[in-house]
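What you see below is based on every heavy atom in this structure, not just the backbone, and it leaves out hydrogens, waters and symmetry mates.
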Amino acid sequence: MTTTSQRFFISYAGLDRPWAEWVGWHLEQADHQVILDVWDWSTGDNFVERMDEALKQADAVVALFSQSYFDADRWTQEEWTAAVARRDRIIPLALEPLAAADTPHLLAPRLHKNLHGLDETAALAALREAIDGGTRPTSPPVFPGKAPAAGPAEAEGRTKPRLPGSTGQPDVWNVRRRNPDFAGREAVIVQLRESLLNGQQAVVQALHGMGGIGKTQIALEYAHRFSGQYDLVWWIDAEQSDQIPVHYTELADRLGIAKPDAGSDPNARAVLHHLRTRNRWLIVLDNAEDPAQIAPWLPEGPGHVLITSRNHNWRGIAHPTGLDVFTRSDSLAYLGTRIPGTTPAQADALAQDLGDLPLALAQAAGVIGSGMTLDRYRQLLTGNTARILQEGDAPGYPAPLAATVGIATTRLDDNHPEATALLRLGAFLGPDPIPIAWLESARPHLSTIPGDPDDLMWPHASLQHLGRYGLARIDHETFQIHRLTQAVLRDQTDAGQTEGVRDDVTTILRTIEPGDPESPDSWPAWASLTSHLTAQHVLVADRPDLRPTLQQAAVFLIRSGQPRTAADLLTSLRETWTAALGPDDLEVLTCTQYLGHATSDLGDFRSARPIIEYTLTRRRRTLGEDHPHTLQSANDLAAVLYELGDHAEAGRISEYTLARRRHTLGEDHPHTLQSATNLGTALSELGHHVEARRLLEDTLTRCYRTLGEDHPHTLQTATNLATALTELGNRVEAHRLQEDTLARRRRTLGEDHPRTLQTATNLATALNLFGRHPEARRLLEDTLTRCRRALGDNHRQTLQTAHNFANTLHELRAYPEAAEMLEDIRGRQRRSLGDDHSDTQSATRSLARTLTAMGKRYEAQKLLAGKKPKRRPGRKRR
């Protein structure tokens, strides 16, 4: 290469690191300076800042083109865009064949050199020509040849890389055939490769995880994918640790250093000694179980060791990497390849049923691909889990999932029966993480767990055994059993055991006290508990001891913005409890009240109304007019009438309910404040703005004093007051109040909670009143996207947000886009609310206004013919 030294920044995708190091090495050997992240940047550095500095310092950018390099989801998209935009010179090197469609338009005109498919001499010549523009050295390059079998690393402490993509296998190799169905796991492969390359001496990496997670498949793919970077790759089945010396003896024989009469141990130690001075080797210890028995046989020296294990405890021996199930996108990609013709929705449902477990996906693909429909497989998976999980060809896996679980459980039971009892108990809880604290609290009352109930170390020891056998994922606070492992275990539990375990599950769930379900501070604890209460196989509706807990769980789901899950739970509970207790039972009526509330929050106000009216009628008859439960049903009826557009009747009922609540509960009771907020909202909608403001200001003051500034009801009252202030023309104060409320709701409820989205929509309305239309548009675009995802396209709140967005587009003179949105909104509102609802009427007027602005006056007049002017939609209540 040229003797004029230049400074190069090497831009590459993570999987192409071997190429980046090979190019960087040879550039430095030619007296150039190289900026390469893995050589020059430290963990914790700001990537964007370091890249920016590198681009400023570099004379040119060497870009290593591959399909991974142009992946739309890669962070390096910013990198190559900046490189092209800011550098006068970019040197593209193609590492694999690229179609025109693979290269972004920005880089398509760039000439590039191909490095793929070349031997090292030709690749060096291509690199030289790319850097020097075709000049040649005065003497032919000397191929450096293979690294010596033994010897120190090359100068400067960095071993010269082998040419990436080299064809053929290492000289010493015993790895089985590559799995052609391997898919996904790219991030894991990249992390594994980088971790192995970051060490100076023998780097030991342990991939650990439950059975069927694909540990061996990842190790196999790694060995094949990077075979060109090693001179020796040796695979050892380490499940029986006493056989490891025998496998090393086979390697010694392959290396020509074995002593036939010495025995396996001396020959194995000769191999370990040999590897201390040899470069570029990889030893794979597959399915290792006992770290203590593996440790004496770990090689040292400038090579790599990769361990796969169910056991998670490799501290002090290896760098552990815990493996989880497939990401959903990896599952969909795998199923799409193995089961052609599967729709994304079908694949997603199957992946959900299988918990994204790689082995289960492979088995399902084998069964479905051999003549069973996907729907039939899912049906069998629900009713005959253990049976169907015995079927299916899963290449690369030693046994089907049911057998894998059965073998591990049998071995566990033989050695640690108390751990098996804990495993069975966990199988009857939900598939989400199980807090260990739950077990600790309930231990004295659990009948199916053998041993001393006062054992201070329980369940620590049992959990360690579950982790060692790969039957659960363990961390310092929770443990988790995969849903399919749970299903197999439940199928293997006889009826007598099942009843006892269900009793213990009830005991555990009953003893948990997450706190007030109305308070966001308690929601994380409630979320953990509710995930188990609502799991499909956790049958708790018939357990009387759990009724109060289940009712509180429903309140949590409603308040935290999960009405669909709440409605599903309450529908099941109502059916079971009505059959056992009768329709007038207090707990049945409470369940029915919450069902009406959840149905209303789903936006199905027409269905919610008869549920709420039914509850109110029965409560009046059985409890009386002034009972708090009766007044709550009256409040709910006013709220749903308001949503249905009957503001006058909603106001009348709210006034009646407020008076009775003040008399029976007092001025500052949370239920009284709820009725006051609802009445104030109705008064504002009916045009009584001064009276509404006075009532809402008083209510907000009381909420601050009794509930606190961040309580959900306080924030709802603040939102409704801001609307009343807007109607009175006090826009500055309304805007300030909406901004403060939005910040508090984002912090306490989250970005996607329906109440947060409601306040964001209201704030955008305030911004429009100030003429800040571009700012309002940005806020509404984000809010509308979140509404559609959280609530659905047809929910009233989504349509109100879309309506505000369309009006903002009108103000920005984007009339065609606004008209198209308003047509869609109006059609959806007519179907769900009717022609006479105020929301529908408001959308009709907005559409007519936009059509007029477009010069379509006749269409606008025709649209408005016979329509009565009505007020714009009101604000949320409750």
Is Gln240 atom CD crowded by more than 12 heavy atoms from other residues, nucleotides or ligands, each under 6.0 Å away?
no

What is the minimum heavy-atom distance between Leu220 and Arg176, and which atoms define it?
CD1-O, 3.6 Å

Contacts of Tyr377 that satisfy ring-ring contact (aromatic ring centres under 6.0 Å, His included) - sequence neighbours left out:
none

Answer yes or no: is there an ion pair linking Arg185 with Asp330, defined by an N-O contact shorter than 4.0 Å?
no

Does one side chain, of Ser241 or Asp290, offer a donor that lies under 3.5 Å from an acceptor on the other?
no

Assess the side chains of Asn267 and Ser264: does a donor N or O sit below 3.5 Å from an acceptor N or O?
no

Return the set of residues passing side chain to side chain contact (heavy atoms under 4.5 Å, CB included) with Arg269 (not counting sequence neighbours), or none when no residue passes.
Trp297

Indicate the atoms forming the closest heavy-atom contact of Pro344 with Leu332, along with that distance.
O-CD2, 4.2 Å

Taking all atoms of both residues into account, what is the closest heavy-atom pair of His319 and Val203, and its distance?
CD2-CG1, 4.2 Å

Does the separation of the ring centres of His224 and Phe182 fall below 6.0 angstrom?
no

Can you check whether Tyr222 and Phe226 have ring centres sitting under 6.0 Å from each other?
yes

Charged N to carboxylate O below 4.0 Å: is that the case for Glu250 and Arg254?
no

